[in-house]
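Each remark here refers to the structure printed beneath this line.
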Amino acid sequence: MNSRPGFPPLGEGSGPPASAAGLPPPAERGAMVIPDRVVARIAARAARTAQSRHAAIPPDRSGPAAPAASAATRTGSVRLHLTMDLPYPADIPQVCERIRHDVAERVAQLTGLKVGEITLTIRRLVTAAGVNQGRVR
């Protein structure tokens, strides 16, 4: 008995399976290509989120400059270069490693690309007074 009118019971499709329908195997059908600029934007957004989480820099636009990113993709992997501000004082190596980890995880999750390398350039160190200077009170 069919519970949904107009649909055959499971396993009794009206057409041949996809492999018999003349389609090439999935690996030969094509590939999704994500432009470098899109990967870079994803990385910059992930860096901003990680910066606010691990470096105690708020993600608003009036504080330090937003992280910049560039990406170079090749055969399923990507190399990233991030440029950002970090707070001072802070454990710079630990904060950088956490940011790298978070960015790599997020980029891989959203793009399916393996993140091979992340180069992180610290544009400037921002003191607590420097973070507050840019805000409107």
(message) Run the side-chain contact (heavy atoms from CB on, under 4.5 Å) test against Glu97 and tell me which residues pass, sequence neighbours left out.
(response)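 For Glu97 the side-chain contact (heavy atoms from CB on, under 4.5 Å) partners, ignoring immediate neighbours, are Arg100.
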Closest non-hydrogen atom pair between [X] and [Y], with its separation:
| X | Y | result |
| --- | --- | --- |
| Ala90 | Val95 | CB-CG2, 4.5 Å |
| Leu86 | Cys96 | CD1-SG, 3.7 Å |
| Ala44 | Pro67 | CB-O, 3.8 Å |

(request) Using side chain to side chain donor-acceptor pair (under 3.5 Å) as the criterion, list what pairs up with Gln109, not counting sequence neighbours. (result)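 Applying side chain to side chain donor-acceptor pair (under 3.5 Å) to Gln109 gives Arg106.
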(message) When you compare the side chain of Arg98 with that of Gln94, does any pair of heavy atoms fall below 4.5 Å?
(response)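 Yes. Closest side-chain heavy atoms under 4.5 Å.
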(request) Determine whether Leu125 and Ile92 make a side-chain contact, defined as any pair of heavy atoms from C-beta on separated by less than 4.5 Å. (result)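 The answer is yes; the side chains approach within 4.5 Å.
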(request) Can you establish whether the number of heavy atoms outside Arg123 located under 6.0 Å from its atom CZ is more than 12? (result)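 Counting other residues, nucleotides and ligands, CZ of Arg123 exceeds 12 neighbours.
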(request) Can you measure from CD1 (Ile42) to CG (Leu113) and round to the nearest 0.5 angstrom? (result)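 The CG atom of Leu113 is 8.5 Å from CD1 of Ile42, to the nearest 0.5 Å.
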(request) Return yes if some donor-acceptor pair links the side-chain N/O of Gln51 with the main-chain N/O of Ile99 below 3.5 Å, else return no. (result)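 The answer is no, because no donor-acceptor pair under 3.5 Å joins these two groups.
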Could you list the donor-acceptor pairs under 3.5 angstrom formed by side chains in residues 73-84, with sequence neighbours left out?
| residue | atom | partner | partner atom | Å |
| --- | --- | --- | --- | --- |
| Thr73 | OG1 | Asp36 | OD1 | 2.6 |
| Ser77 | OG | Arg74 | O | 3.1 |
| His81 | NE2 | Thr121 | OG1 | 2.7 |

